[in-house]
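Computed from heavy atoms alone, side chains included, the values below leave out hydrogens, waters and symmetry copies. Note on naming: letters A, B, ... go to the chains in the order of the sequence lines (proteins, then strands), and numbering restarts at 1 for each one.
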2 protein chains.
Amino acid sequence: MNARPSFRAQVLQAREDAIVDTVNRLLADKGFEAMTVDLVAAEVGIAKASLYKHFSSKEQLAAAAMVRVLDRAMAFMASPACATEPSPIERLKAVARWTMEVQLAGQMPSLPAQNSTLRTALVADKVYMERLMQLSEQLGEWIEAAQAQGQLHPALPAEVVLYTLFARACDPVLGVLKAGGSYSDEQIVGWCLASCFEGLAAHVPAARAKPAVPRGR
Amino acid sequence: MNARPSFRAQVLQAREDAIVDTVNRLLADKGFEAMTVDLVAAEVGIAKASLYKHFSSKEQLAAAAMVRVLDRAMAFMASPACATEPSPIERLKAVARWTMEVQLAGQMPSLPAQNSTLRTALVADKVYMERLMQLSEQLGEWIEAAQAQGQLHPALPAEVVLYTLFARACDPVLGVLKAGGSYSDEQIVGWCLASCFEGLAAHVPAARAKPAVPRGR
DNA sequence: GTCTATAAGAGGATAGAC
DNA sequence: GTCTATCCTCTTATAGAC
């Protein structure tokens with residue numbers, strides 16, 4: 001009846017953290033289908049049956065990893081590193097940059113959108129869905145604020161911007177560029193951020209489109 | 001010894017086409033892992049063992065589907081619909097639009113980048129690699145031409161532009177928006193094209209950034 | 001809750017008759 | 001080349017002792 005978690009409970013919590021850590025890493029570099037429960041157990045250093053005492057299925061393992069990365073994203077968004085950005089669009093860029101850095105660090109669990117058993121398990125997972133909606137709403141607020149200030153492409157609905165940001169968090173372009181070995185992580189993130197927010201085509205940024213600039217030289 | 005294909009050979013060719021058609025469709029809406037060879041055989045209407053007389057493995061089935069879509073892409077690029085576009089960047093946009101339309105039509109086979117046995121089989125497949133390089137070179141020429149004319153973002157290397165175009169051909173954003181059911185295919189393609197080439201952020205297109213425009217009123 | 005051992009089933013690939 | 005029947009491996013999940 002102690003409100004403080006018992007020593008035993010803390011040990012179990014630590015073990016679950018270790019499991020989720022491993023799942024997170026394996027999901028990031030092998031993907032859901034190639035990640036076997038046997039491998040997770042082996043890397044954690046426990047028996048597979050013990051894993052199933054903590055998580056009832058492979059899908060629940062993936063859900064736990066997703067919940068943790070969503071929590072980390074929200075923690076970043078609330079941190080000074082992001083929240084002190086002056087304008088909404090700068091905050092959105094900061095989040096996108098963060099997701100790309102996490103991905104390049106091999107810590108972004110990305111799940112296949114097509115796997116139906118996984119999707120079913122995820123939408124049925126209350127904790128996961130709650131976190132996902134929390135994050136979406138926070139981002140949605142920033143997106144609408146940015147739209148109100150004319151910082152976003154006027155033709156794009158907020159929904160499209162939101163989904164695009166989620167998609168860029170697991171954009172395969174980063175992995176391909178990193179696999180090429182020719183560029184630094186910083187360069188890769190910079191380019192992907194630029195292509196995401198400024199597009200592939202040439203243009204003049206809105207903030208610098210001053211009609212008062214004198215022509216010629 | 002007849003140069004013209006025999007009737008028998010034509011029948012076999014037609015059967016292989018039917019197989020690749022089915023594989024293409026299944027890859028588009030279930031993905032590689034969820035596509036079972038049993039299902040392919042069932043949908044084609046032949047026995048699984050017969051499938052293996054045509055293609056030696058599941059990976060070869062996927063490779064055949066990819067070769068066909070690469071061929072179709074190159075056929076589109078050579079067609080008047082694309083080749084008559086006035087500038088290189090318009091041609092690039094036309095290709096991107098085409099890939100997005102194919103994806104929304106459920107005909108874009110997209111393979112997981114992480115599956116190692118599949119990757120190994122693909123890079124070992126001479127026909128696939130040849131087609132992939134052909135397509136990349138054609139696109140590379142257009143990209144460099146567009147760069148030379150100042151139509152592309154000056155900070156982005158050609159390689160980054162190329163990979164981004166490939167990635168947008170299987171951008172999950174289109175599927176999510178379509179699944180939402182609120183928008184027409186045309187709207188979805190328009191938005192994804194805009195976010196790809198013009199970016200999420202507000203800006204003034206280069207072509208319209210005429211310093212001669214009179215200020216305010 | 002942790003272990004060893006095993007059930008249960010899916011799925012890729014093949015044998016061998018025709 | 002097509003079929004039926006089968007093999008065999010891999011993987012998720014559980015039984016049951018401690």
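If you walk DNA chain D from 5' to 3' and mark each nucleotide with an atom closer than 4.0 Å to a heavy atom of chain A, the marks span D:dT11 to D:dA15.
You'll find the side chain of A:M74 reaches within 4.5 Å of the side chain of A:R131, heavy atoms only.
A donor-acceptor pair is defined here as one N or O able to donate and one able to accept, closer than 3.5 Å; no such pair exists between the side chain of B:K178 and the backbone of B:A105. Between the side chain of A:E16 and the backbone N or O of A:F55, no donor-acceptor pair lies under 3.5 Å. A side-chain donor-acceptor contact under 3.5 Å links B:K58 to the backbone of B:M35.
When all heavy atoms of B:S56 and B:Q60 are compared, the closest pair comes out as OG-CG, 3.4 Å. Scanning all heavy atoms of the two residues, the minimum distance from B:L122 to B:Y128 falls at O-CD2, 3.4 Å.
Each end of the helix from C:dG1-D:dC18 to C:dC18-D:dG1 gets its own rotation axis from five pairs of C1' atoms, and the angle between them is 20° to the nearest 10 degrees.
In this structure, the CG atom of B:L61 is 10 Å from the P atom of C:dG12, given to the nearest Å. Here the P atom of nucleotide C:dT6 and the NZ atom of A:K48 are 13 Å apart, to the nearest Å. With rounding to whole Å, B:L39 atom CG is found 15 Å from C:dA13 atom P. Separating the CG atom of B:D38 from the C1' atom of C:dG12 is a distance of 8 Å, rounded to the nearest angstrom.
Nearer the 5' end of DNA chain D, as judged by each residue's closest nucleotide, is the contact made by A:M35, out of A:M35 and A:K53.
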Full working for side-chain contact (heavy atoms from CB on, under 4.5 Å) between A:W142 and A:V95: CA-CA 11 Å; A:W142 292 358; A:V95 178; 3.6 Å; yes
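Residue A:S57 is in sugar-phosphate contact alone, with no base atom involved, counting any heavy-atom pair closer than 4.0 Å across all strands shown. Within 4.0 Å (heavy atoms only), A:S50 reaches at least one base atom of the nucleic acid. Within 4.0 Å of A:K58, counting heavy atoms only, lie sugar-phosphate atoms of the nucleic acid but no base atom.
Ring geometry for B:H203 against A:H203 counts as tilted: the plane angle lies between 30° and 60°, on a 0 to 90° scale.
At a threshold of 4.0 Å, the pair B:E85-B:K93 does not count as salt-bridged, since none of the basic side-chain nitrogens sits closer than that to a carboxylate oxygen.
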